[in-house]
There are 2 protein chains.
Amino acid sequence: MVPVDPDIASVAALIADNSRALILKTLCDGRPSTGSALAAEAGIGASTASAHLAKLVDARLVTVVRAGRTRRYRLARPEVAAALEALAALAAPLPVRSLRQSTRVAALRRSRTCYDHLAGDLGVRLMRALLDRGHLTGGDGLHHPDRAVLDRESAPGTDIHYELTPSGATALTALGVQIPTTRRPLVRYCVDWTERRHHLAGALGAAITTRLHTLDWIRHGSTPRVIHLTPAGRVHLPDCLGVTLD
Amino acid sequence: MVPVDPDIASVAALIADNSRALILKTLCDGRPSTGSALAAEAGIGASTASAHLAKLVDARLVTVVRAGRTRRYRLARPEVAAALEALAALAAPLPVRSLRQSTRVAALRRSRTCYDHLAGDLGVRLMRALLDRGHLTGGDGLHHPDRAVLDRESAPGTDIHYELTPSGATALTALGVQIPTTRRPLVRYCVDWTERRHHLAGALGAAITTRLHTLDWIRHGSTPRVIHLTPAGRVHLPDCLGVTLD
DNA sequence: AGGACACTTCGCCGGGCAACGAAGTTTCCG
DNA sequence: CGGAAACTTCGTTGCCCGGCGAAGTGTCCT
């Protein structure tokens, strides 16, 4: 009758609006974005977007920093992305409507960023390559789709476990990847809706992604979250890390 | 502009309604419930509850099995509970309004079930006792509140790790706990909003909870999710497992 | 049978909220 | 110092959806 405990409903209501969901999903990219860009992305007017963003900021899901006459919006904390992923796990896949959409979906399926690391087919291939070369260990062969779904069900706090091996450390260092020493867990996994397999998350996943960007082996696409493999990346990724490509 | 990817917004919309959120939270209990009980719990009429439940079932968040003239509703899959927890992590704590509410909140704070295992103060004490007696190992002392918040942020897929020790296995077996051999992870942890500490989840957490029920050391309260410690439990829990009580 | 019970269906009412456009505010640039 | 760009504020409009009660359907109990 009256709300009790944490007020789940009102948080959910923030995500329940399609425009706000699009905004949040866009921000999952990890990169900050401006109000007008988000408005364009959601296909709504500037004033409407402003109202939405005000609500999101007010609820502490999103933060703003003012940079002159523009403002940069970001996700406030990792939990927000986690909640979005959890909801996505519940959502039934939506039928594709337009061609433009289907190409975009296809691009997302190929490779995209998930908060701050690589996901999609490319992310999964990278993970598999690291396992195959012995750069990563553990997981009990859980890279397979069926099991991936299983342990997705047991999240959060699952005891499935990957670790970076010495060979992996040297290989990545040779590539110029800064092995992080932060408090943030080094190796995590993440299961996504397109591939239903693990890909590399955590501090290491983010570090590798950053490095691939500076090497210009991958590049952000025109639409948010989409990642393109550059010709250089197409050459060097199989060479240096053993990633298989089509 | 148009929905893309999984339709997060519509799933969120299902949770965005306060009555439905109450229903889902009640079902988080783990026990099935009837339509009228859920209606009463949410403080709405039977017809309204019926409409809500129809939507939840239609969206595959909840399942029904007909048992004669009554129907038993359950959460359809663990992901639903996970999504609710993820949203709760985002929700700001709500100010308590009525006295009735505050007593119920206090009861929840003391001890409750979280999906299928013990949470609240009792759940945390149990976890601590298991650690203190060496029945559980690992976690790097992460049972402390500050760190618990930290790794909650890094969920899901965190690499924090607890394990059942041989001494724990014998002690629990002696108590009559069936050590599970299912695929489900044996030991998981779970951080909750009241205590901000770990408590024991996973197959083992569920098994222990079941056993305590059959021993009649704990009992379901009148309101959903609330657990009461029986006099027998108050005597034997400190004795057998080293749980400290006030 | 018949009556109580559990739940669903239907129609109606009312509130909340997203969307827009126009006008105001702040900041940057030439 | 203007004028443009980036957001915000405000007032309006229209729709969606939760709530109820009354009537309908199926099931169990005696």
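Values below: all heavy atoms of this structure, side chains included; hydrogens, waters and symmetry mates excluded. Chain letters run A, B, ... following the sequence lines, proteins first, then strands; residues in each count from 1.
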When the distance from [atom1] of [X] to [atom2] of [N] is rounded to whole Å, what number comes out?
| X | N | atom1 | atom2 | answer |
| --- | --- | --- | --- | --- |
| A:L56 | C:dC17 | CG | C1' | 15 Å |
| A:R72 | C:dT27 | CZ | C1' | 16 Å |
| A:D58 | D:dT9 | CG | C1' | 16 Å |
| A:R69 | D:dT8 | CZ | C1' | 16 Å |
| A:I15 | C:dC17 | CD1 | P | 16 Å |

Of B:L215, B:T210, B:T209, the residue whose pairing with B:H213 passes side chain to side chain contact (heavy atoms under 4.5 Å, CB included):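 Of the listed options, the one satisfying the test is B:T209.
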Side chain to side chain contact (heavy atoms under 4.5 Å, CB included) partner of A:V62, chosen from A:L14, A:I23, A:L75: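 Single side chain to side chain contact (heavy atoms under 4.5 Å, CB included) partner of A:V62 among A:L14, A:I23, A:L75: A:L75.
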Check: B:T70 side chain, B:A67 main-chain N or O, donor-acceptor pair, under 3.5 Å: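 Absent.
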Side-chain donor or acceptor of A:T230 paired with backbone N/O of A:D216 under 3.5 Å: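 Judged by distance alone, yes, a pair lies under 3.5 Å.
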Any A:S50 side-chain N or O less than 4.0 Å from OP1/OP2 of D:dC7: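 For D:dC7, neither OP1 nor OP2 has a side-chain N or O of A:S50 closer than 4.0 Å.
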Phosphate OP1/OP2 of D:dC7 contacted by A:S36 side-chain N/O (<4.0 Å):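 Answer yes for this pair, as a side-chain N or O of A:S36 is under 4.0 Å from OP1 or OP2.
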Verdict with supporting geometry, B:H52 and B:R20, side chain to side chain donor-acceptor pair (under 3.5 Å): CA-CA 6 Å; B:H52 283 317; B:R20 279 193 299 260; 3.1 Å; yes
What's the closest nucleotide to the [X] side chain, out of [options]?
| X | options | answer |
| --- | --- | --- |
| B:R66 | D:dT27, C:dT9, D:dC7 | D:dT27 |
| B:R71 | C:dA6, C:dT8, D:dT8 | C:dT8 |
| A:T34 | C:dT9, D:dC7, C:dC5 | D:dC7 |

Under 4.0 Å protein heavy-atom contacts per nucleotide of nucleotides 12-23 of chain D, with B for base, S for backbone only and - for none: ------SSBBB-
Whether over 12 other heavy atoms sit under 6.0 Å from A:R72 CZ: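 For A:R72, atom CZ is not crowded (no more than 12 foreign heavy atoms under 6.0 Å).
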Residue pair B:I15 / B:L24, side-chain heavy-atom distance below 4.5 Å: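 Yes. Closest side-chain heavy atoms under 4.5 Å.
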Comparing A:G68 and B:A37 on DNA chain C - which has the more 5′ nearest nucleotide: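 Mapping each residue to its closest nucleotide by heavy atoms, the 5'-most match is B:A37.
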